[in-house]
Amino acid sequence: MVSQETNGTQAVKRHQRHEGPQKHIIAFVFSIVLTLIAFAAVAAGGVNAAFTVILLLVMAVLQVLVQLGYWMHMKDKGHMIPILFMFGGFFVAFTAVIAALYWMWW
């Protein structure tokens, strides 16, 4: 979007940076690669189960970050309030899981 303000004889142009499809294609390919790595780890039966679980958790976290950053545009300016609410929700969910585990094993 280009806006022009005329101040006497001087024109000021302001450009809003446009994000082209390149970054979306890269994010899509990265998501597919993460999915293939997770699928390959499970499909290969000889891999240690603990390593597979840890690898799947790491792939899931990376996938969430890619999804939020590129498809939900959380990396852009003006998204601080939704980010804060999501961190608040993660904190409440994490606290609830820890409390439930503590309650079960106590």
Side-chain angles (χ1 to χ4, degrees):
M1 176 180 275
V2 177
S3 65
Q4 293 182 351
E5 298 174 15
T6 56
N7 191 2
T9 60
Q10 186 178 19
V12 177
K13 291 184 181 181
R14 294 187 182 158
H15 295 280
Q16 184 177 6
R17 201 171 106 186
H18 176 67
E19 184 176 297
Q22 268 183 338
K23 290 188 180 181
H24 288 271
I25 292 171
I26 291 170
F28 178 71
V29 169
F30 189 59
S31 294
I32 296 296
V33 168
L34 289 174
T35 303
L36 290 175
I37 290 172
F39 182 77
V42 173
V47 181
N48 186 2
F51 175 76
T52 304
V53 169
I54 291 171
L55 182 68
L56 288 177
L57 288 174
V58 169
M59 295 296 122
V61 168
L62 289 175
Q63 191 78 267
V64 165
L65 292 176
V66 168
Q67 297 293 325
L68 288 175
Y70 286 95
W71 302 118
M72 300 301 290
H73 300 283
M74 291 295 169
K75 65 181 175 23
D76 298 338
K77 288 184 180 178
H79 288 89
M80 188 52 74
I81 296 297
I83 290 172
L84 289 175
F85 277 111
M86 282 195 305
F87 279 129
F90 292 145
F91 176 74
V92 169
F94 181 73
T95 305
V97 168
I98 295 299
L101 290 174
Y102 181 73
W103 184 24
M104 254 184 356
W105 287 328
W106 179 40

In the hydrophobic cluster built from side-chain contacts under 4.5 Å, what are the other members alongside [X]?
X	value
F91	none
I26	none
W103	none
V53	L57

Mind checking side-chain contact (heavy atoms from CB on, under 4.5 Å) for [X] and listing every partner two or more places apart, or none if nothing turns up?
X	result
F90	M86, F87
Q63	S31, L34, T35, Q67
F51	V47, N48, L55
V61	L65

May I have all residue pairs that pass side-chain hydrogen bond (donor to acceptor under 3.5 Å, both in side chains) and include part of residues 53-62, sequence neighbours excluded?
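Every pair satisfying side-chain hydrogen bond (donor to acceptor under 3.5 Å, both in side chains) with a residue in residues 53-62: there are none.
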
Check whether I37 and V66 end up in the same hydrophobic cluster, where Ile, Leu, Val, Met, Phe, Trp and Tyr are linked by side-chain heavy atoms less than 4.5 Å apart.
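Yes, one cluster joins them.
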
Please table the atom pairs, donor to acceptor, closer than 3.5 Å between any side-chain atom in residues 39-46 and protein atoms at least two apart or in another chain.
none

